[in-house]
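Report on the following structure.
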Amino acid sequence: MKIIYSKEVLEHKNENLPVLALESTILAHGMPYPENLNFGKEAESLCRSSGVAPATIAVVDGDVYIGLEEEKLHFITKSKIIKKISRREIGTAIAKRWSAATTVSSTITLAHLAGIPVFATGGIGGVHENVIRSFDISEDLSALAETPGIVVSAGAKAILDLEKTVELLESIGVTLLGFKTNEFPAFYTQKSGIKTLTPVKSEREIVDVYIANRRAGLLNSILVANPILKKDEIPSGKIKSIIDHALKKANHLSISGKETTPFLLKFIEEKTNGESLVANKSLALNNIKLGIKICKELNRFENKKRL
Ligand code: PSU
Ligand code: MN
């Protein structure tokens, strides 16, 4: 297995400077081209301008990339044949020399392997609405329970059953913190009605919980739920009826498995005339901004320990 680090990620690792992990499925299967490329570039330059190396993770021709040089970012965002792999398919992708975008579950697994504990995305996968029939529960949840790290997300995607997702996160032992809120955000909107989170006010508090978890021997991730900015929310009445429509359509077309999430996101984007894409980019960048602060804070702590 070959792990190829980008120049800047390698430099930052060697010099104990901060690195933030980013995923590639949000690019390859969550947004259309060229918006995905522009978003990827903006995400990376946000990191760089704050002194953080962006480590966008993907598999290309069976090699694991931790940080993508520009040519690879172009390939990931443009390719029509790139697969989507969760954690259980990492070995398959390497052995079969696939090119594949990584989801939350595979990204945090590879980030952990590369020694990068902080990761920011849009929204994690979770328990799907039709779970009783489909049994569709994202591998993101079990990976979060079994991989130490800090994951920043705007709750879970609104296409999911958020109540069951939050319950399952508790059952399997994922530490759940709300950034300046006790309410689980609903991706496109700030509120879900689920008010069971422990609120935290600062990146310092998040890092304190992470360090305490590690010292207590816990091996799970902390999920930091960071609500979308008020100004970029889609009114909940509007988005709810479009999501219902999307779910009915997916059911009618018998969409299942890993096709489900990309199908629903694309359908919602069309029905909102691109408004959902604007919201998705905004919430993901908002999470990356918080991820930057968290990885810098954790980096300061680790460097102090080294002195
Ligand atoms: N966040 C977004 N857009 C996305 C995703 C996250 O804003 O497309 C991706 C992540 O890679 C997440 C995946 O892991 O959706 C969930 O897919 P599934 O439901 O098939 O597990
Ligand atoms: Mn699934």
Side-chain angles (χ1 to χ4, degrees), residues 21-33 35-36 39-40 42-43 56-59 76-77 82-90 100-111 119-131 133-145 147 149 151-162 164-165 168-169 174 185-189 221 223-228 232 234 239 243 246-247 250 255-269 272 276-288 291:
L22 301 169
E23 58 149 310
S24 46
T25 291
I26 187 173
L27 301 173
H29 303 285
M31 295 178 187
Y33 182 83
E35 282 87 353
N36 57 356
F39 164 78
E42 197 176 338
T56 306
I57 295 180
V59 178
I76 299 287
T77 51
I82 188 154
K83 295 178 189 290
K84 167 184 168 189
I85 55 159
S86 62
R87 176 180 59 170
R88 69 181 180 142
E89 293 167 305
I90 292 174
T102 52
T103 62
V104 169
S105 67
S106 42
T107 304
I108 59 175
T109 305
L110 294 169
F119 163 67
T121 183
I124 61 160
V127 181
H128 280 263
E129 278 285 353
N130 59 1
V131 64
R133 205 163 24 83
S134 67
F135 244 71
D136 191 348
I137 300 174
S138 176
E139 197 185 354
D140 289 356
L141 300 188
S142 47
L144 284 165
T147 317
V151 173
V152 187
S153 125
K157 280 188 274 291
I159 53 174
L160 301 165
D161 185 323
L162 296 182
K164 291 193 181 70
T165 301
L168 194 52
L169 284 167
V174 177
F187 200 65
Y188 300 122
T189 50
S221 276
L223 180 64
V224 180
N226 185 33
I228 184 173
D232 293 322
I234 304 180
I239 196 69
I243 290 171
L247 292 169
I255 307 281
S256 66
K258 61 172 78 178
E259 313 298 325
T260 307
T261 297
F263 173 86
L264 294 171
L265 291 179
K266 186 157 179 278
F267 186 91
I268 293 166
E269 187 202 319
T272 57
S276 69
L277 182 58
V278 175
N280 197 349
K281 284 194 277 192
S282 155
L283 65 86
L285 290 171
N286 193 39
N287 293 340
I288 290 166

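The basis for the numbers below is simple: all heavy atoms, side chains too, and nothing from hydrogens, waters or symmetry mates. Atoms within a ligand are numbered from 1 in the order they appear, just like the ligands themselves.
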Inset, instruction - Please identify which atoms of ligand 1 are closer than 4.0 Å to at least one heavy atom of Asn280. - result: 2 (C), 7 (O)
Legend entry - Residue Lys84 vicinity, atoms of ligand 1 by number, heavy atom under 4.0 Å: 17 (O), 18 (P), 20 (O)
Legend entry - Numbering as shown, the atoms of ligand 1 that approach Asp140 to under 4.0 Å (heavy-atom distance): 12 (C), 14 (O), 16 (C)
Legend entry - Non-hydrogen side-chain atoms of Met31 and Thr77 separated by less than 4.5 Å: no
Inset, instruction - Pull out every atom of ligand 1 sitting under 4.0 Å from any heavy atom of Phe187, numbered as shown with elements. - result: 7 (O)
Legend entry - Residue and atom name of the nearest protein heavy atom (relative to atom 3 (N) of ligand 1), distance in Å to one decimal: Ile26 CG1, 3.5 Å
Legend entry - Atom pair CG/OG of Asn36 and Ser24 - distance to nearest 0.5 Å: 11.0 Å
Inset, instruction - Check each of Thr107, Ile85, Leu265, Leu27 against atom 8 (O) of ligand 1 and report the one with the nearest heavy atom. - result: Leu265
Legend entry - Protein residue, atom and distance nearest to atom 10 (C) of ligand 1, heavy-atom basis: Glu23 OE2, 3.2 Å
Inset, instruction - Determine whether Thr261 and Lys84 make a side-chain contact, defined as any pair of heavy atoms from C-beta on separated by less than 4.5 Å. - result: yes
Legend entry - Thr165 OG1 to Glu129 CD distance, which is reported to the nearest 0.5 Å: 8.5 Å
Legend entry - Contacting atoms of ligand 1, where contact means under 4.0 angstrom from a heavy atom of Ser138: 18 (P), 21 (O)
Inset, instruction - For Ile239 and Ile268, run side chain to side chain contact (heavy atoms under 4.5 Å, CB included): C-alpha distance rounded to whole Å, both residues' side-chain angles, the deciding distance at 0.1 Å, then the answer. - result: CA-CA 8 Å; Ile239 196 69; Ile268 293 166; 3.9 Å; yes
Inset, instruction - Any atoms of ligand 1 less than 4.0 Å from a non-hydrogen atom of His128? List them with their elements. - result: 19 (O)
Legend entry - Residue Thr261 vicinity, atoms of ligand 1 by number, heavy atom under 4.0 Å: 15 (O), 17 (O), 18 (P), 19 (O), 20 (O)
Legend entry - Rounded distance (nearest 0.5 Å) linking atom NZ of Lys83 with atom CD of Glu89: 9.0 Å
Legend entry - Straight-line distance of Phe267 CZ to Ile255 CD1, nearest 0.5 Å: 10.5 Å
Legend entry - From Lys258, Lys157, His29 - option closest to atom 6 (C) of ligand 1 by heavy atom: Lys157
Legend entry - Partner of Phe187 under side-chain contact (heavy atoms from CB on, under 4.5 Å), chosen from Leu283, Ile243, Leu160: Leu283
Inset, instruction - Please verify whether a non-hydrogen atom of Gly123 lies at under 4.0 Å from ligand 1. - result: yes
Legend entry - Any donor-acceptor N/O pair, Thr147 side chain to Leu144 backbone, under 3.5 Å: no
Legend entry - Close side-chain approach of Arg87 and Ile108, heavy atoms under 4.5 Å: no
Inset, instruction - Identify, by atom number and element, the atoms of ligand 1 in contact range of Gly30, meaning under 4.0 Å from any of its heavy atoms. - result: 8 (O)
Legend entry - the Mn ion (ligand 2) to Asp136: nearest N/O/S atom name: OD1
Inset, instruction - With heavy atoms only and a cut-off of under 4.0 Å, state how Val104 meets ligand 1: side chain, backbone, both or neither. - result: both
